[in-house]
Asker: 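Quick one: the structure is below, and I'll ask about it shortly.
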2 protein chains.
Amino acid sequence: MKDKAAKPGGRAAPAQKRPAHRLTMADVARRAGVSTATVSRALTRPDQVNEKTRDLVRGIAEELGFRPNLIGRQLRVRAATSLLILVQDLDNPFYAELIKGAEAVARANHLSVMVGGTDGLEEVEQLYSEQFLGRRVDGLVILFGHLPAGISPKMAEHSPIVLVSEDNPALNLSSVLVDNVGWAERAMGYLMERGHRRIAHITGPLARIISRQRQEGYWNALAKAGLPQDPALEALGDFSFERGRAAARELLSLPDRPTAIFCANDEAAVGAILGAADLGLSVPSDVSLIGFDDIMLAQISQPPLTTIRQPRQQMGAAAAQLLIDMIEHGPGKRAHKQLDCELIERSSVRSI
Amino acid sequence: MKDKAAKPGGRAAPAQKRPAHRLTMADVARRAGVSTATVSRALTRPDQVNEKTRDLVRGIAEELGFRPNLIGRQLRVRAATSLLILVQDLDNPFYAELIKGAEAVARANHLSVMVGGTDGLEEVEQLYSEQFLGRRVDGLVILFGHLPAGISPKMAEHSPIVLVSEDNPALNLSSVLVDNVGWAERAMGYLMERGHRRIAHITGPLARIISRQRQEGYWNALAKAGLPQDPALEALGDFSFERGRAAARELLSLPDRPTAIFCANDEAAVGAILGAADLGLSVPSDVSLIGFDDIMLAQISQPPLTTIRQPRQQMGAAAAQLLIDMIEHGPGKRAHKQLDCELIERSSVRSI
DNA sequence: TCCTCACTTGCAATCGATTGCAGAAGTTAT
DNA sequence: ATAACTTCTGCAATCGATTGCAAGTGAGGA
């Protein structure tokens with residue numbers, strides 16, 4: 001990659017004879033007997049050039065298969081061209097749909113979307129920050145709750161950056177969020193309305209703000225119902241299927257078994273279905289389950305999962321839109337967009 | 001976006017006073033009392049400039065927070081900077097993992113990854129083709145079996161383009177594939193080894209080559225075993241969960257019910273589990289099921305699905321690598337990379 | 001003392017398109 | 001016929017960095 005020097009020995013040079021002179025506007029101009037300025041105008045501002053000239057130039061450009069070099073254009077016309085979406089885990093289905101929403105809006109605004117999966121690695125964050133600082137991307141959608149290494153909070157203040165899904169109140173950045181605390185409370189409320197009193201919680205990884213917020217909602221609901229917090233009813237999870245399964249086994253082996261479990265996400269909830277099955281218990285007859293997110297899995301699981309749906313695609317779209325506004329009008333003041341979730345009733349909860 | 005003209009009425013202009021003159025090398029140069037050439041070298045070829053000058057320049061660059069404009073650099077140094085991955089449906093989990101694999105390899109080679117979801121729309125394909133023709137991206141990973149609108153086969157011959165997952169033999173392009181026919185046959189073989197003779201098939205959408213290849217594998221296996229093709233045993237699917245469910249109901253309502261079903265993909269297979277359940281039948285005791293792909297769902301379904309695993313991440317990585325080679329050494333001759341699948345034995349098949 | 005060579009640095013061209021400004025040509029009004 | 005406009009086109013600067021070439025400096029050798 002970096003070293004193209006001809007190898008001393010080796011097989012004969014495979015490359016083409018000449019570097020295949022790339023077609024530029026100058027070529028079209030020469031061929032049409034006009035200046036490059038005219039070519040440029042003929043191609044991008046048809047009304048500013050005489051009809052005959054325009055058709056001539058366009059014809060020749062067509063015939064030659066000329067396409068303007070977008071890098072050249074971009075250097076001159078400083079218009080935004082792309083957004084970068086930063087994710088920790090690119091193949092998490094939750095993010096995929098979000099990316100889709102953002103891409104659609106970006107595309108409608110003549111922007112393209114780059115994606116970067118950081119795996120949580122600082123060096124990779126740094127690398128992508130460079131793209132932003134080097135103005136190769138014009139805005140940043142961040143799907144984790146911190147600034148990527150290489151971007152200082154002060155810098156971020158004045159930049160088109162938006163935090164999505166996971167907030168970080170310490171940074172005062174624009175964001176697109178759902179009310180995790182409130183909807184966790186709502187999920188708990190749903191369980192309580194159906195008579196459940198002894199309700200366990202499988203958390204997400206507590207290092208993540210989003211997990212702590214859902215936990216807070218769990219606590220709030222308990223408090224409002226005058227129920228005590230019982231540490232034994234909180235099992236540490238990490239959003240994974242396997243951990244959800246194990247956690248459910250722990251919780252359901254308790255002497256005084258909970259009648260329902262609020263899971264911090266769907267994947268863990270589906271794990272919990274199996275964890276229950278491991279103990280010969282079935283959902284919802286022996287234990288009720290409610291999840292969070294409404295990933296595809298939630299519809300397909302047996303039983304289908306009652307859960308809180310996050311409007312993922314809309315979140316992505318809103319993020320892109322916010323960014324585009326910031327790019328056009330300057331960062332201005334922070335915008336905090338909050339989208340509504342929805343409780344999707346399926347069959348993993350029964351009344352008692 | 002296109003029209004920035006000041007709105008006649010409205011609130012006061014929110015934009016900053018001045019467009020915040022962007023820092024360039026010239027600024028650093030002036031401040032350091034050297035030429036931009038020296039700044040450039042001090043920053044990118046440390047050994048070519050005197051130690052003292054270098055430190056001075058770097059210090060000032062640091063202090064000023066200068067970052068070189070990557071667009072300017074890219075215009076001058078024609079090095080590849082990015083790959084574009086084109087997909088029909090961005091939130092299909094199958095592709096997400098593939099993108100992840102490609103991104104990792106791209107990143108390791110100092111390239112970034114753009115993604116485009118076309119939804120199968122020609123106009124969107126056209127739009128992304130433009131990015132490629134305009135040299136804003138240097139290579140194309142295509143995850144569907146045709147060239148995007150706007151790129152002619154002849155053009156494609158000489159360009160860094162690779163078809164992944166879905167081939168199109170008509171185009172003679174480089175590709176990264178699995179042997180869909182062979183592995184479909186293998187799936188069928190697995191069923192037959194376990195005594196199944198009456199085996200149905202839920203196809204994918206037959207417009208897609210990949211579906212037809214798996215179907216061909218199904219037929220081949222039948223033929224090799226001396227079994228007849230029975231049209232009644234082939235149900236048209238579309239890779240979706242719902243259609244899989246419906247198809248399974250049709251097949252299992254047949255007077256002479258199949259003992260096993262080979263599903264063209266996992267999502268349909270999981271649907272089939274429920275389709276069977278709809279008829280009071282259970283998997284694998286009443287009917288065996290084998291899928292294709294090994295998406296996450298396959299591990300989690302009840303019962304977990306026996307299936308053919310495609311090495312998605314490797315496919316993405318191989319595609320990126322192939323592209324990078326083509327970019328460095330010219331397209332050269334076509335490379336067809338075939339990766340191995342793996343039969344993952346879980347519990348959706350029983351011997352009879 | 002003069003020559004050669006290595007090491008630093010700057011000049012200016014270059015990548016490819018866009019666009020402000022001004023001149024040329026043509027039209028209309030007076 | 002002349003002034004006043006329009007309309008069209010080209011010149012040349014510009015966006016921001018990189019790099020071939022040449023010049024300047026100082027050290028070391030003859």
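Order of the sequence lines fixes the chain letters, A, B, ..., with proteins taken first and strands second; residue numbering starts at 1 for each chain. Note that the coordinates shown come from a computational prediction; the quantities given were computed from them, not determined experimentally.
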Asker: Out of curiosity, B/Asp138 CG to B/Leu83 CG, how far, rounded to the nearest 0.5 Å?
Answerer: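 Output value for this atom pair is 7.0 Å.
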Asker: Starting at CG of B/Asp27 and ending at P of D/dC15, how long is that distance when rounded to a whole Å?
Answerer: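 In whole Å, D/dC15 P and B/Asp27 CG are 11 Å from each other.
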Asker: Under 4.0 angstrom, heavy atoms only, what part of the nucleic acid is B/Val34 near: base, sugar-phosphate, or nothing?
Answerer: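 Since only primed, P, OP1 and OP2 atoms lie under 4.0 Å of B/Val34, the category is sugar-phosphate.
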Asker: Considering only side-chain heavy atoms of A/Ser35, which listed nucleotide, D/dC11, D/dG16, C/dA12, is closest?
Answerer: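 Closest nucleotide to the A/Ser35 side chain: D/dC11.
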Asker: Taking CZ from A/Arg45 and P from C/dA17, how many angstroms apart are they, rounded to a whole number?
Answerer: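 Checked: the CZ to P distance equals 15 Å.
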Asker: Taking atom C1' of C/dA6 as reference, at what distance in whole Å does atom CG of B/Asp47 sit?
Answerer: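 That distance rounds to 15 Å.
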Asker: Which of these nucleotides, D/dT18, C/dT9, D/dG16, is closest to any side-chain atom of B/Arg41?
Answerer: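 Of the candidates, C/dT9 comes closest.
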Asker: Tell me which of B/Gly72 and B/Arg54 sits closer to the 5' end of DNA chain C, going by the nucleotide each one is nearest to.
Answerer: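 That would be B/Arg54.
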Asker: Between C/dG16, C/dA12, C/dC15, which nucleotide has the shortest distance from any of its atoms to the side chain of B/Arg76?
Answerer: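 When the side chain of B/Arg76 is considered, C/dC15 is the closest of C/dG16, C/dA12, C/dC15.
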Asker: Closest approach of B/Ile142 and B/His146, non-hydrogen atoms and distance?
Answerer: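 Looking at all heavy atoms of both residues, the shortest contact is CG2-O, 3.6 Å.
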Asker: I'd like to check B/Ile151 versus B/Ser129 (side-chain heavy atoms, cut-off strictly below 4.5 Å). Are they in contact?
Answerer: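 Sidechains of B/Ser129 and B/Ile151: in contact.
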Asker: Any idea which of C/dA17, C/dT18, D/dT18 is nearest the A/Thr24 side chain?
Answerer: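 Side chain of A/Thr24 sits closest to C/dA17.
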Asker: By nearest atom, which of the nucleotides C/dT19, C/dT18, D/dT19 is closest to the B/Ser40 side chain?
Answerer: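 Side chain of B/Ser40 sits closest to D/dT19.
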Asker: Just the rounded figure in Å: distance from P of C/dA6 to CD of B/Glu51.
Answerer: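 Distance check: B/Glu51 CD to C/dA6 P gives 21 Å.
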Asker: Classify B/Gln48 by what it touches in the nucleic acid, base, sugar-phosphate, or nothing, heavy-atom distance under 4.0 Å.
Answerer: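 The answer is base, as B/Gln48 lies within the cut-off (heavy atoms under 4.0 Å) of a base atom.
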Asker: As a test of reading the structure: which of C/dG16, D/dT9, C/dC11 is closest to the side chain of A/Asn50, going by heavy atoms?
Answerer: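 Selected nucleotide (nearest to the side chain): D/dT9.
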Asker: Look at the side chain of B/Asn109 and the backbone N and O of B/Leu111, then say whether any donor-acceptor pair between them is shorter than 3.5 Å.
Answerer: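 Absent.
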Asker: Can you measure A/Arg78 atom CZ to C/dG16 atom C1' for me and round it to whole angstrom units?
Answerer: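 Computing the A/Arg78:CZ to C/dG16:C1' distance gives 16 Å.
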Asker: Rounding to a whole Å, what distance do you find between B/Leu23:CG and D/dC15:C1'?
Answerer: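 Those two atoms, CG and C1', are 15 Å apart.
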Asker: Side chain of A/Val49 only, heavy atoms from C-beta on: which candidate in D/dT9, C/dC15, C/dT18 is closest?
Answerer: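 Of the options given, the side chain of A/Val49 lies nearest D/dT9.
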Asker: Round to a whole Å and report the spacing from CG of B/Leu75 to C1' of D/dT19.
Answerer: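 Result: 14 Å.
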Asker: If I compare all heavy atoms of A/Met25 with all of A/Leu43, which pair ends up nearest, and what's the gap?
Answerer: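 Distance-wise, the nearest heavy atoms are CE-CD2, 4.4 Å.
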Asker: Any side-chain N or O of A/Arg73 below 4.0 angstrom from OP1/OP2 of D/dC15?
Answerer: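 No, outside the criterion.
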Asker: Will you find, in the side chains of A/Gln74 and B/Arg136, an N or O donor that is under 3.5 Å from an N or O acceptor?
Answerer: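 Looking only at side-chain atoms, B/Arg136 and A/Gln74 do form a donor-acceptor pair, the distance falling under 3.5 Å.
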Asker: Rounded to the Å, how far apart are A/Arg30 CZ and D/dT9 P?
Answerer: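 In whole Å, D/dT9 P lies 19 Å from A/Arg30 CZ.
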Asker: Using a cut-off of strictly less than 4.0 Å, decide whether B/Thr53 has a side-chain nitrogen or oxygen near OP1 or OP2 of C/dT9.
Answerer: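 Answer yes for this pair, as a side-chain N or O of B/Thr53 is under 4.0 Å from OP1 or OP2.
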Asker: At less than 4.0 Å, is any side-chain N or O atom of B/Arg67 found next to OP1 or OP2 of D/dG16? Yes or no.
Answerer: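 Indeed not, no polar side-chain atom of B/Arg67 lies that close.
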Asker: Would you say the side chain of A/Arg135 and the base of D/dG16 hold a donor-acceptor pair, judged only by whether the two atoms sit under 3.5 Å apart?
Answerer: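 Checked by distance alone, the answer is no.
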